[in-house]
Amino acid sequence: MAQQALFLIMAVFTLGMALGTVTSRNIFHSALFLVGSFAGVAVIYFLLEAEFVGVAQIIIYIGAIATLIIFAIMLSRSVTGQNGSPMNRQWAFAALGAALLFAALAWLFSRVDFGSTAQPVPEDAIALIGAGLVTEYVIPFEVASILLLVALVGAILIARERHS
Amino acid sequence: MLEHYGLIGALALIALIFPFVGVGVAWLLRPKRPDPIKNSVYECGVETIGDTWVQFRAQYYLFALIFVVFDVEIMFLFPIAVAFQRLDMMQVFYVILFVVLLADGLLYAWRKKALEWQ
Amino acid sequence: MVIPLSWYLILAAALFSIGFFGVLARRNAVAVLMGVELMLNAVNINLLAFWRAIHPAELTGQIFAIFVLTVAAAEAAVGLALIISIYRSRRTIQVDALDLMKG
Amino acid sequence: MDLSQLDLRLIGVWFNNMLAGAGLAPGIISLINWVVGALLLLIFALTLAIALIWIERKLAARLQDRLGPNRVGPYGLLQMVADVLKLLTKEDITPLEADRVTYNLAPALAVFQVMMAMAVIPFANGVIGADVNIGVLYLMAIGSVGAMAALMAGWSSNNKYALVGGFRVVAQLLSYEIPLVMAMLIPVLVAGTMRMNGLAEAQGGWFGLGWYVWTLPTAFLIFFIAALAEGERAPFDLLEAESEIVAGFNIEYSGMKFAWFYLAFFLNSWVLAAVGATIFLGGWQGPFVAQIPALGVIYFIAKTLLLFFIQAWVRATFPRLRIDQMMSFCWKVLVPMALLLFIAVAVTLKLGLPQPVQGVALLGLNLVILLATLALVSRAQKRSVGAGKRAFAPELPRL
């Protein structure tokens, strides 16, 4: 019961923050709403007993990605950019499309029973993740490393100020 | 697992409310006499010129980038460190390969002078 | 599970739709990117919910969620570098103003 | 009285028995436990902050041949009480064009961050708010919230100094988080657990020789230097460098909101000292702690205060670094050193050496890496000074 109540509170919080992200006029406020939404999702992960992913969500999304986003906003803030609507001309169609998408998915998920087990999560889940990364999933693990390397090299190339 | 986080949850709630309680108490006690000069931006007594959000150099962004990449890397290394006693030599080699690949990124940034502060 | 699987799935669907709306409707390129991040979060909720409900003994769901996080970080790093680069040359990051390719 | 009964955990057991005796449901009992535990941590943190500010001010004064606070109460002990009263009754000023919501949220977030970190610090064996499996990563996650708070404060004040301070957040807090956490990773590698209590437990035996500071001195050094930067302490206090950007990100804050940043600053230093004491100095380990568990609290507080003392000492003694020096030092010295150390320790642990030999091998490796780094840095320094460049911008040697 308590868990369900917590889930509902966090779900409302997360969705509210997400709505704030996409509708806020001030792009900096959008970013802060986004941080709130990330935090809400992290609590949902803890409710799913995925503590490692929950904490990784905070470290990567709030600590790294949100910081990058806020920096990009600070660096690309144009004085005139705040005027006018934050939305483009097709926003009404986008809203309709998103609403239809949600309706279809919600209808699907409430109809289909995917089944569920009563199995508990293993006690040493974190060690199992660590071992899994270098045994079964060693290729994605090394590819992740290469992906990060390429992203770093590419981003440095793009973002570097050219000295004329 | 969840019972471990009960105290953290309670602490989160209290720690979020408590600072506002402090500010609220101060709000009851403190004087409230705002005036335009007092509320103007502090700039050592000089009038503020221009917009605050002036252009900053992308230098800061480069450091944020390198930070992000290493942040993700460390997040991968922690569960491996916990599982370390179960790994054999070959698997340790994979871990070292992972670290070395990312160290290449640092070397590249070094070579490209992205680590210099100009 | 104390909380039914469908609750998580519907939450994820709602989050995905909101992110979808953000991607389609916002003018600011950074805001579009934020929409993408919301959609990735929704995907991760689904991954973990299915993992918890169906295969909690194997950590596959959690490991894939971590890879999604990694990809999201790489995507944000490169995407934002592009946005900063575009801003530097065009002085705007409004998506509808960036139509150089239009004939 | 039998001294072995002096175990702080028994207070919790007694408290639970009392609640159960009152006929409460188990769910309610754990709820009460959590709330009481959280409140205890909060009260402890507030008292601690007042004590720490007094200790640091007195200490800095002595080191600089001054007297320090000595007017209010004996030895100026009541000075902090007077300061709290003053801050409470100070007028609160919000700059006219500030972003109000963000501006008010930032100090609360700073306090939130440091309070949350208190939850995973083991005061004695088992006397810990929440001994979660992800202890060290939890601290890392909480740390990123602190950077967010400083960024928000810097942005929302609508002040150029504050914004410069906000930008320096990334230069300082984020950059130094990498060597800090890498240094924390190495004891996790040796102990095979991320639980804070487990890390302290793993350092028992051998009459204190099991402390990781003996086997991993270089990791401890990296941790301590990075902790100085994370705690915004001199010589790494560019975030608020009062002589350059007045007070950095918190320049526009006054009254109680300023007090929260002040409190967060001191508690943050203490938390970093406590984490260092737990991970590297054995935490609550010490003589006779197995017989009398309550002694652990004394050992733990003593070790923490020792580290806090060294931090305050450094702060009172050293001048501030330039930003290019600080960044070079982080990314060109500390991070490569930590990466190298990680690889070296990982390989050594897999050689299957017997316990004492392994410890000696680790110590030797640590010293070799430390000395090699020192030699390389001093060579690079000499060369760059000779070439007329700015001091300390080591070039990558040609491969």
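Below, all heavy atoms of this structure are taken into account, side chains as well, without hydrogens, waters or symmetry copies. In what follows, every chain begins at residue 1, and chains take the letters A, B, ... in the order their sequences are listed.
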Determine whether V82(B) and F78(B) make a side-chain contact, defined as any pair of heavy atoms from C-beta on separated by less than 4.5 Å. no
Could you walk me through whether V100(B) and I343(D) pass side-chain contact (heavy atoms from CB on, under 4.5 Å), step by step? CA-CA 9 Å; V100(B) 168; I343(D) 294 174; 4.1 Å; yes
Using non-hydrogen atoms and a 4.5 Å limit, figure out which bit of [X] sits close to chain D: side chain, backbone, both or neither.
X       : answer
V92(B)  : side chain
V95(B)  : side chain
F93(B)  : neither
I14(B)  : side chain
I74(B)  : side chain
I66(B)  : both
L106(B) : side chain

Heavy-atom contact with chain B under 4.5 Å, split by part of [X]:
X       : result
A259(D) : neither
I128(D) : neither
E177(D) : side chain
L185(D) : both

How long is the span from the [atom1] atom in [X] to the [atom2] atom in [Y], to the nearest 0.5 Å?
X       : Y       : atom1 : atom2 : result
L62(B)  : F67(B)  : CG    : CZ    : 15.0 Å
F112(D) : F20(B)  : CZ    : CZ    : 11.0 Å
M196(D) : D131(D) : CE    : CG    : 9.5 Å
L101(B) : L97(B)  : CG    : CG    : 4.5 Å

Check step by step if side-chain contact (heavy atoms from CB on, under 4.5 Å) holds for L189(D) and F342(D). CA-CA 9 Å; L189(D) 198 64; F342(D) 173 80; 4.0 Å; yes
Among [options], which residue forms the greatest number of heavy-atom pairs with chain B at distances under 4.5 Å?
options                            : answer
V335(D), N104(D), V181(D), V190(D) : V181(D)
K350(D), M140(D), K257(D), M115(D) : K350(D)
V111(D), V35(D), L137(D)           : L137(D)

Do side-chain atoms of Y138(D) reach the backbone of M116(D) as a donor and acceptor pair under 3.5 angstrom? yes
Output, in order, the C-alpha distance, side-chain angles, deciding distance and verdict of ring pair (Phe, Tyr, Trp, His ring centres under 6.0 Å) for F18(B) and W260(D). CA-CA 11 Å; F18(B) 169 74; W260(D) 289 143; 5.2 Å; yes
